[in-house]
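Take a look at the structure set out below.
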Amino acid sequence: MGLLAIIGGTGFDVLDGLEPLAEEAQPTLYGPASAPVRRGRLGRAEVLFLPRHGDQHRLPPHRVNYRANLWALKALGADRVLGLAAVGGIASGFGPGVFAVPNQLIDYTYGRDHTFYDGDAAGVQHVDFTEPYCPRLRGDLLAACAQAGVAVSHTATYGATQGPRLETAAEIARLERDGCHLVGMTGMPEAALARELGLGYACLAFVVNWAAGKGKGAIDMAEIDQHLLHCVGWVVKILTALAAR
C-alpha cells in the first residue's frame with residue numbers, strides 16, 4: 001500500500017507533530033513542486049507532506065504548480081492525497097470554526113494548467129469526475145474526525161475561485177445560487193489532477209471567515225488569522241488519526 005500525502009494550505013507551511021525522516025526535491029516533467037516534499041512520521045505512520053503555497057507561503061493560488069505537486073507526490077510513493085483548505089463559509093451552518101469534508105465542487109478558476117492530457121505526446125483522455133472526491137478516503141477522513149472528537153459536516157459543495165483577491169458579495173451570491181456551501185481558491189485543478197493520476201483525493205476544509213456579504217462589514221484578516229489558529233490544533237489531531245488508519 002502506498003503512502004498518505006498531505007498538502008498543506010494556508011496556516012500549514014509546516015505540519016506540527018511531523019517527525020522528519022527526509023526532504024526530497026523530486027524532479028517532475030512539469031517543473032518544480034511548490035517546495036521539497038517532507039517525508040516523516042505522524043504518530044506511528046509514515047506520510048508525505050507538501051506545503052501547497054511553498055515555504056513561507058510565497059505562492060498565490062493561481063501560481064501554484066499543481067501538476068508538479070501531484071506528480072511529485074505520486075513519484076514518491078503516494079496513493080492517497082488529502083488537501084487541507086482554509087475556506088470561507090457561504091451557506092447557513094458553515095460559519096467560522098466549522099469543519100467539512102466536501103463531496104462536490106464547482107470550478108470557477110481559469111488560466112491554470114488543469115490537465116496532464118494536453119495533446120501531442122500526452123494525448124487526450126477524458127476521466128470521469130462525477131464524484132470528484134474519493135469515497136474511501138472521505139470515509140476514512142470522517143472516521144478520523146470522529147476519533148479526534150471533531151464535529152464535521154459530512155457533505156458540502158466547494159466553489160473554487162481564482163484569487164488571490166477575495167470575492168465580491170455579488171460573486172458569493174452567485175456561488176450560493178449555484179449550490180456552493182464553501183468558497184476557496186485551491187480546490188481545482190488539484191482534485192482533477194489527482195484523479196488523472198489515479199490518486200485517491202479528499203479535502204479537509206475548515207471555515208475561517210464568512211464569505212463576502214455573509215458577515216458584518218468587510219472581511220477582517222486579523223479575524224481570519226484568529227479562526228485559523230483555533231483550527232490548527234484540531235487539524236493535527238484529525239491528521240494523526242487518519243494516518244493511523
Side-chain angles (χ1 to χ4, degrees), residues 6-12 52-53 61 82-109 129 131-135 137-188 190-192 201-239 241-242:
I6 300 163
I7 298 179
T10 300
F12 287 91
R52 183 187 290 119
H53 298 282
L82 176 64
L84 302 180
V87 298
I90 298 175
S92 175
F94 287 87
V98 169
F99 283 79
V101 177
N103 64 314
Q104 277 295 334
L105 63 80
I106 302 177
D107 187 9
Y108 301 92
T109 66
F129 207 49
E131 301 293 335
Y133 300 106
C134 171
L137 184 54
R138 286 188 72 252
D140 285 343
L141 180 55
L142 290 168
C145 289
Q147 183 178 337
V150 178
V152 62
S153 176
H154 288 218
T155 59
T157 297
Y158 177 121
T161 59
Q162 180 71 358
R165 67 164 177 84
L166 298 175
E167 300 74 29
T168 68
E171 288 169 332
I172 292 300
R174 173 198 175 193
L175 267 64
E176 187 170 29
R177 290 193 298 270
D178 287 349
C180 296
H181 302 86
L182 307 167
V183 59
M185 300 176 186
T186 58
M188 286 290 285
E190 196 170 271
Y201 180 87
C203 171
L204 177 61
F206 37 98
V207 181
V208 295
N209 63 282
W210 281 112
K214 293 297 177 180
K216 296 179 180 179
I219 296 173
D220 186 339
M221 300 308 295
E223 186 176 345
I224 288 178
D225 290 340
Q226 182 180 354
H227 290 304
L228 183 60
L229 186 62
H230 168 76
C231 291
V232 166
W234 292 111
V235 170
V236 172
K237 290 182 180 181
I238 294 168
L239 296 179
L242 177 64

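Closest heavy-atom contact between Ile219 and Ala211: CD1-C, 4.3 Å. Between Leu182 and Ala100 the shortest heavy-atom distance is CD1-CB, 4.0 Å. Contact between Ala85 and Cys203 at its shortest, heavy atoms only, is CB-SG, 3.9 Å. Heavy atoms only, all atoms of each residue included: Asn103 and Glu131 are closest at O-OE1, 4.0 Å. Taking every heavy atom of both residues into account, Ala191 and Pro132 meet most closely at CB-O, 4.3 Å. When all heavy atoms of Trp210 and Pro96 are compared, the closest pair comes out as NE1-CD, 3.5 Å.
Between atom CD1 of residue Ile172 and atom OG1 of residue Thr161 there is a gap of 7.0 Å, rounded to the nearest 0.5 Å. A distance of 5.5 Å separates CG in Leu239 from CG in Leu84, rounded to the nearest 0.5 Å. For the atom pair CD1 (Ile7) and CG (Leu204), the distance works out to 13.0 Å, reported to the nearest 0.5 Å. Leu166 contributes atom CG, which lies 6.0 Å from atom CD1 of Ile224 (distance to the nearest 0.5 angstrom). Atom CD of Glu167 is separated from atom CD of Gln162 by 11.0 Å, given to the nearest 0.5 angstrom.
For Lys214, the side chain to side chain donor-acceptor pair (under 3.5 Å) partners two or more places apart in sequence, or in a different chain, are Glu176. Annotation: salt bridge (charged side-chain N to carboxylate O under 4.0 Å, His left out) contacts of Arg165 (sequence neighbours excluded): Glu171. Residues passing the side chain to side chain contact (heavy atoms under 4.5 Å, CB included) test with His230, sequence neighbours excluded: Trp234. Annotation: ring-ring contact (aromatic ring centres under 6.0 Å, His included) contacts of His227 (sequence neighbours excluded): none. Every ring-ring contact (aromatic ring centres under 6.0 Å, His included) that Phe94 has, sequence neighbours left out, goes to His181. Among residues two or more places apart in sequence or in another chain, the side chain to side chain contact (heavy atoms under 4.5 Å, CB included) test is passed with Pro135 by none. Applying the ring-ring contact (aromatic ring centres under 6.0 Å, His included) rule to Tyr133 yields no partners; only residues at least two apart in sequence or on another chain are considered. Evaluation of the side chain to side chain contact (heavy atoms under 4.5 Å, CB included) rule for Asp220 yields Ala222, Glu223 as partners, not counting sequence neighbours. Applying the side chain to side chain donor-acceptor pair (under 3.5 Å) rule to Glu190 yields the partners Arg52, Tyr201; only residues at least two apart in sequence or on another chain are considered. In this view, Asp107 and Thr109 satisfy the side chain to side chain donor-acceptor pair (under 3.5 Å) rule, not counting sequence neighbours.
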* Using the side-chain contact (heavy atoms from CB on, under 4.5 Å) rule, take Ile238 and Phe99 through it: C-alpha gap first, then chi angles, then the decisive distance, then the call. => CA-CA 11 Å; Ile238 294 168; Phe99 283 79; 4.1 Å; yes
Show me the donor-acceptor pairs within less than 3.5 Å that the side chains of residues 153-160 make with the rest of the protein, sequence neighbours left out.
residue: Ser153; atom: OG; partner: Thr155; partner atom: O; Å: 2.8
residue: Tyr158; atom: OH; partner: Met185; partner atom: N; Å: 3.4
residue: Tyr158; atom: OH; partner: Thr186; partner atom: N; Å: 3.3
residue: Tyr158; atom: OH; partner: Gly187; partner atom: N; Å: 3.0

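Side-chain contact check for Phe12 versus Ile6: every heavy-atom pair is 4.5 Å or farther apart.
Among residue pairs with one or both ends in residues 137-152, none qualify as side chain to side chain donor-acceptor pair (under 3.5 Å); sequence neighbours excluded.
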